[in-house]
Novice: 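Questions regarding the structure given below will be posed in turn.
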Amino acid sequence: MVTNSEIAAMLYEFAELTDLEGDVFKRNAYRRAAQSIEELDGDVAEYDREGRLESIPGVGKAIAQKIAEMVETGRSAKLEELRSKFPPGIVELMKVPEIGPRSLVRLHQELGIKDLEDLRQAALQHRIRSLKGFGERSEENILKGIAVVQGQGGRMLLGDALPIAEAIAAHLRAGGCEEVSVAGSLRRRKETIGDIDLLAGSDEPLRAMDRFVSYPRVASVVSRGPTRSTVRLADGTQVDLRVVPRDSYGAALQYFTGSKEHNVVMRRIAIQKGFRLNEYGLHRRDSGEMVAGAQEAEIYRTLGLDPIPPELREGRGEIEAAGEHRLPSLLRLEDIRGDMHVHTVMSDGRATMREIAEAAFRRGYEYIGVTDHSRSLHIAHGLTVDDLLASVEEARQLTDELGFPVLRGAEVDILEDGSLDYPDEALAQLDYVIGSVHSRFKMDRRTMTERVMTALSNRELNILGHPTGRLIGRREGYDIDIEQVMDEAARRGVALEVNGFPDRMDLSDLNCRKAIERGVTLVLDTDAHGVEQLDNMRFAVGTARRGWAERKDVLNALPLDQLRRFFRVAGA
DNA sequence: GCCGTTTTCGGCCCGACTGTTTTCAGTCG
């Protein structure tokens, strides 16, 4: 069967190929349709069967026909025809920075370049400078671009990028910039980041730029102007700084936070209402008078919208919701009362139960849950039943001694047949149970779904840990019907985890939203293996916010007595 | 290719920076 993401991938390919053909509007249309399919609740095949394809935003007659063909045959004749116009290596060439569709087509047509190696040779042999509009610098930049693609290529994890961004922001503040903010996809808390965007409001832009390029880890300056500069750090990370006058700071923050899709809609609305929106402010179209600019929220309010939190700005219906005053009241980090998934030295963690409890107390949590691995996970020193039961007593004593509730749970392996890795009698001694899949990832979709559904039917199970098993950039999630799992979890009172470990982020933002719509309770965890990793809770919160989560959707935003009641009801 | 509180046809966001140009195209975000 063709999945939604496979269809979306084909539509994205349509977009890239039509871009090469020279039609940016068609490209945008394909991209928009692809994005809609990615975010769709339910199978595209279902929409096709029911003749509802054209009800999907961005899908009209032509794309609906192509989708129908993809659903039925798994392919698209038109796509294959487009592909045949370009060499297969064109895909990797499109990833080279500095080379866009126009240049690429010319390099292909005029120099016969068909892959990365051809391009490198052409640059080294100085054949590119013979083309009109290209020169010596173009060849240098192309060689640099090739190095970037081959060097790291991939995107950074939010968890790696945010600390770097915050360090540079601190460097700017220390140099006299008063207003500095992280912007771009980092501010939206996207799980992976292409580059780091920073914004400064300053009436001395040149001084801010000097300070920026003097940051010790800057390896090279890619471009530099009075309002925008780009640098590359020693590890290859690209960082952009935009500097605007302070009375434009809010408009610039709005603009520079994105997403591109969100901004396109914002500007369209501005036009409809007789304004022009750019990074310097919101202006009346007729008189040019600036009506908003210093504060980000003003921009939204002046356009008749409630201010939209950065995490929602993905062009996923947030602007319509803001116009109708039905934006969610998003969960905040302060709403989280405890972390439910933390490992101790008993399995593969680095901190003792006491150290974790004390750290949790210092953070202002009202309780903490410690969860070590179960006996089958030898590689992580899973606990025997005896060790587990002994630690239940340790948690009790610690609770009494500290006057701070330490809950004893476990992260129990969901075995191949869907059973849990401890007998029910042992599980019943715990405060709660997380079930996770840690083995046999390559099962087919039906078997894997059955396996997890069986685990959900165990009355001792309270939380499904990292429900899709993906590791960002390293491993796809296992093949599972996650929507069926969500429905069953909602029905059985099992919470689904939003694991904030930077390479997991599992559930993802889109899955959070789907889960909430299906009535699932989320639980936000760090999966910390050391006390410093308790800080990862902000990533789980960011992901849940991107999934439109409110406090009421989240288990560990509840006070302890209600949390315990959730566990009792689920097990009843 | 999509879409409609201006529109079923004619739009589709907007500005900074670079390189190769004597006025702008291409790329990026």
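All chains are named by letter (A, B, ...) in the order of the sequence lines, taking the proteins before the strands, and each is independently numbered beginning at 1.
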Novice: Looking only at the side chain of A/S103 (C-beta and beyond, no hydrogens), which of the listed nucleotides B/dC13, B/dA16, B/dG26 gets closest?
Specialist: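 In terms of side-chain proximity for A/S103, the closest of B/dC13, B/dA16, B/dG26 is B/dG26.
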Novice: Return yes if the base of B/dG29 and the side-chain atoms of A/Y255 contain a donor-acceptor N/O pair under 3.5 Å, otherwise no.
Specialist: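 Such a pair exists between side chain and base.
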Novice: If the P atom of B/dG11 is compared with that of B/dA16, how far apart are they to the nearest Å?
Specialist: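 It works out to 25 Å between them.
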Novice: Measuring only the C1' atom in each nucleotide, how far is B/dG1 from B/dT5? A whole number of Å is fine.
Specialist: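 These two C1' atoms come out 24 Å apart once rounded.
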Novice: So which of residues 64-83 of chain A are in contact with DNA chain B, with a heavy-atom cut-off of under 4.0 Å?
Specialist: A/K66
Novice: If you draw the axis of the six-membered ring of A/F134, does the NZ or CZ of A/R129 fall within 45° of it and under 6.0 Å from the ring centre?
Specialist: no
Novice: Which of the following nucleotides, B/dC17, B/dG19, B/dC13, is nearest to the side chain of A/R267?
Specialist: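 Ranking B/dC17, B/dG19, B/dC13 by closest atom to the A/R267 side chain puts B/dC13 first.
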Novice: Of the residues in residues 288-306 of chain A, which ones touch DNA chain B at a heavy-atom distance under 4.0 Å?
Specialist: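 Those residues whose heavy atoms fall under 4.0 Å from DNA chain B, taken from residues 288-306 of chain A, amount to none.
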Novice: Kindly give the heavy-atom pair with the smallest separation between A/F501 and A/T526, and that separation in Å.
Specialist: CD1-O, 3.5 Å
Novice: Is A/N278 touching bases, backbone alone, or none of the nucleic acid, heavy atoms closer than 4.0 Å?
Specialist: sugar-phosphate
Novice: To the nearest Å, give me how far apart CZ (A/R268) and P (B/dC3) are.
Specialist: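 Distance check: A/R268 CZ to B/dC3 P gives 10 Å.
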Novice: Apply the side chain to side chain donor-acceptor pair (under 3.5 Å) test between A/N499 and each candidate in A/T468, A/D527, A/N536; give the one that qualifies.
Specialist: A/D527
Novice: Starting at CG of A/L199 and ending at P of B/dA16, how long is that distance when rounded to a whole Å?
Specialist: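 After rounding, the gap between these two atoms is 14 Å.
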Novice: Tell me whether A/D210 is salt-bridged to A/R224, with the criterion being a basic N under 4.0 Å from an acidic carboxylate O.
Specialist: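 A salt bridge is present here (some side-chain N lies under 4.0 Å from a carboxylate O).
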Novice: Considering only side-chain heavy atoms of A/D240, which listed nucleotide, B/dC17, B/dC2, B/dG29, is closest?
Specialist: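 When the side chain of A/D240 is considered, B/dG29 is the closest of B/dC17, B/dC2, B/dG29.
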Novice: Quick one: A/K260 NZ to B/dC28 C1', roughly how many Å, whole number?
Specialist: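 Those two atoms, NZ and C1', are 8 Å apart.
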Novice: Taking the same atom, P, in B/dC17 and in B/dC13, what whole-Å distance lies between them?
Specialist: 22 Å
Novice: Using whole Å, report how far CZ of A/R276 lies from C1' of B/dG15.
Specialist: 11 Å
Novice: Counting heavy atoms from C-beta on, name the nucleotide in B/dA16, B/dC2, B/dC13 closest to the side chain of A/I63.
Specialist: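 Closest nucleotide among those given: B/dC2.
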Novice: Please check: side-chain N/O of A/N141 versus main-chain N/O of A/S138, any donor-acceptor pairing under 3.5 Å?
Specialist: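 Checking the backbone N and O of A/S138 against the side chain of A/N141, no donor-acceptor pair under 3.5 Å is found.
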Novice: If the threshold is 4.0 Å, N to carboxylate O, is there a salt bridge linking A/K26 and A/E21?
Specialist: no
Novice: When all nucleic acid strands are considered with a 4.0 Å heavy-atom cut-off, which category describes A/N141: base, sugar-phosphate, or nothing?
Specialist: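 Sugar-phosphate only.
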Novice: Round to the nearest Å and state the distance from A/L241 atom CG to B/dA16 atom P.
Specialist: 15 Å
Novice: Just one of A/E296, A/E179, A/E279, A/R242 clears the side-chain contact (heavy atoms from CB on, under 4.5 Å) bar with A/L253, so which one?
Specialist: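 Per the side-chain contact (heavy atoms from CB on, under 4.5 Å) rule, the option paired with A/L253 is A/E296, out of A/E296, A/E179, A/E279, A/R242.
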